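The model shown is predicted, which means the values in this text are computed figures rather than measured ones. Labels below follow one simple rule: chain letters A, B, ... track the order of the sequence lines, proteins then strands, and each chain is numbered from 1. What you see below is based on every heavy atom in this structure, not just the backbone, and it leaves out hydrogens, waters and symmetry mates.
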Amino acid sequence: MIRFSNVNKNYGSFQALVDINADVARSEVVVVCGPSGSGKSTLIRTVNRLEEIQSGSILFDGQDVHAKMRSKELNHLRSRIGFVFQSFNLFPHLSALENVALSPVTVNGVKREVAREKALQLLDRVGLAAKAGSYPGQLSGGQQQRVAIARALAMEPPAMLFDEPTSALDPEMVGEVLAVMKALAADGMTMMCVTHEMGFAREVADRVWFMDGGRILEEADPESFFSRPQHPRAQRFLSDLRH
Amino acid sequence: MLWDILSIIQDNWLLLLIGQYPNGPLGGFAATLILSVLSIALAFPLSVLLALARMSRSPFLLWPSTALVYIARGVPLLMLILWVYFMVPVLIGANIPGFVTMLVTLVIYEAAFLSEVVRAGIMALGRGQMDAARALGHSYLGAMWYIILPQALYNMMPSILSQFVSTIKETTLGYVINVPELTFAANQINNQLLTKPFQVFFILALVYYLVCWTLSHAATVLERRIARKRAGTTSGTLPVELQPQTLTVEP
């Protein structure tokens, strides 16, 4: 579904991504973890071209994301990749329902009533049907993030990207968001998730990628990674986590 | 003194209101009002376009818009009015009435100032909103229209309003090119009476103050309504037809 081939990215003289070669298969859940500044967020943002790359290619569902293309095609491609941000980024001037229903109407040309109906169902799916008329300012962090997930799902993307979705939440709300993500994974969604939630990785991930210094240092299934990390940096990272 | 003011108004109210119409062009308060409303109505959309042009990456949009803003901000309005008044007929070979000159100059001048306010509002929103919009598949302009501008313009409403009020007061400069608006009418009265300048100009100041106050108040009311809606002190529940219906289970 997502294929990174020799991806390199730099900010001026700073190499943010170095020779990334990896795959996310359809319906697979990949968790990307690592220390701060390792390039995890940068990597996930290159998938829908919120960040540019200097060399290599990223294929999403067979399409080269960073090829030269018209903005209309890029917009269409982006609408097929769901993205959930660390800081939610809900639109504060719209209610939760309007947040979810806006993009299908204006980007995909869905009829308003149909979109609103679907939005209500999605909000119900994340457990927030009662808050459909509320504005983001009235919602807690966990609720806002769930609305953000519903908003991304409204575009019916074949894959979802999560950039530290629970990092800005206090521990009580982390659980409700993770529950939504687990349900999504169980439904067979292709997911790529940057997170520090190791419990989530253990339970749901099919594979874990460990990154540091812009490289993927280790790729393994969660069981192997957490009990027998191979790379010394990964071993250090996991032992630090346990303290 | 008060008696003086009232008697001046009583004698000259028609002149102050509509100038010398029908024996001359429409003037007085009516002209000021029309000039103000038209200037604001034209300058505001233009300013949004200018702001977007100033943030564009294409040099064809960036350079002309930046130049326009720099010039409008660097040259006194009075000079700009005189420039346009004397130069444009030479350039295009036809005579333009003072009212149109004044309108065009005010629109360009105000659009330049307003565009900076709008640009500040857009930039102050931060990357997150645009990122979220682009990630959902919105085009740049679509994101601007549905997501960024509604927020930016609302946030900058106090500044935008100040510019609107400035516009109303700047219409007085039409005096120098014989646009017969309210200041012109007041001056006519003063030149007739000669002994009561303070009273005449007090009336003038009062009228401008009332117009500007009305605009400020209207904007405050609008601001409060939108704030209440977004903060949700109005009810957060949906109208009945949109609430999810619980299914009844058939035995």
Chemist: Distance check, rounded to the nearest 0.5 Å: Leu94(A) atom CG versus Gln151(B) atom CD?
Modeler: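 Here the rounded value is 8.0 Å.
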Chemist: Can you name the closest pair of heavy atoms from Arg127(B) and Leu50(A) and give their distance?
Modeler: NH2-O, 4.0 Å
Chemist: Got more than 12 heavy atoms from elsewhere within 6.0 Å of CD, Glu172(A)?
Modeler: no
Chemist: May I ask you to check whether over 12 heavy atoms, not counting those of Lys169(B), lie within 6.0 Å of atom NZ?
Modeler: no
Chemist: Atom OG of Ser71(A) and atom CG of Leu141(B): how far apart are they, to the nearest 0.5 Å?
Modeler: 9.0 Å
Chemist: Considering residues, nucleotides and ligands other than Tyr154(B), do more than 12 of their heavy atoms fall under 6.0 Å from its OH?
Modeler: yes
Chemist: Quick one: does any side-chain atom of Asn48(A) pair with a main-chain N or O of Ala135(B) as donor and acceptor, under 3.5 Å?
Modeler: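 Side chain of Asn48(A) to backbone of Ala135(B): no pair is present.
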Chemist: Side chain, backbone, both or neither: which part of Phe85(A) has a heavy atom under 4.5 Å from chain B?
Modeler: side chain
Chemist: Starting from the C-alpha separation in whole Å, work towards a yes-or-no answer on side chain to side chain contact (heavy atoms under 4.5 Å, CB included) for Leu102(A) and His138(B).
Modeler: CA-CA 10 Å; Leu102(A) 173 72; His138(B) 289 268; 4.1 Å; yes
Chemist: Among Arg151(A), His93(A), His76(A), who wins on heavy-atom pairs under 4.5 Å with chain B?
Modeler: His93(A)
Chemist: At a 4.5 Å cut-off on heavy atoms, which part of Glu113(A) comes close to chain B: side chain, backbone, both, or neither?
Modeler: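 For Glu113(A), no heavy atom lies under 4.5 Å from chain B.
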Chemist: Based on non-hydrogen pairs under 4.5 Å, which of Phe91(A), Phe83(A), Phe88(A) is most in contact with chain B?
Modeler: Phe91(A)
Chemist: So Lys72(A) and Ser139(B), do their side chains get closer than 4.5 Å, heavy atoms only?
Modeler: no
Chemist: Could you tell me which non-hydrogen atom of Leu136(B) sits nearest to which non-hydrogen atom of Ser103(A), and how far apart they are?
Modeler: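 So the minimum-distance heavy-atom pair works out to CD1-OG, 3.3 Å.
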Chemist: So Tyr146(B) and Val105(A), do their side chains get closer than 4.5 Å, heavy atoms only?
Modeler: no
Chemist: Using non-hydrogen atoms only, which part of Ser87(A) is less than 4.5 Å away from chain B: side chain, backbone, both, or neither?
Modeler: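 When you check distances to chain B, no heavy atom of Ser87(A) falls under 4.5 Å.
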Chemist: Could you look at Ile81(A) and say if it's the side chain, the backbone, both or neither that has a heavy atom under 4.5 Å from chain B?
Modeler: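 Backbone only.
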Chemist: With a 4.5 angstrom heavy-atom cut-off, is it the side chain or the backbone of Leu90(A) that approaches chain B, or both, or neither?
Modeler: backbone
Chemist: Among Ile226(B), Asp131(B), Ile148(B), which residue forms the greatest number of heavy-atom pairs with chain A at distances under 4.5 Å?
Modeler: Asp131(B)
Chemist: Should we say atom CZ of Arg112(A) is surrounded by more than 12 heavy atoms from elsewhere, each under 6.0 Å from it?
Modeler: no
Chemist: Heavy-atom cut-off 4.5 Å, strictly under: side chain, backbone, both or neither for Arg80(A) against chain B?
Modeler: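 Nothing of Arg80(A), per the 4.5 Å heavy-atom cut-off to chain B.
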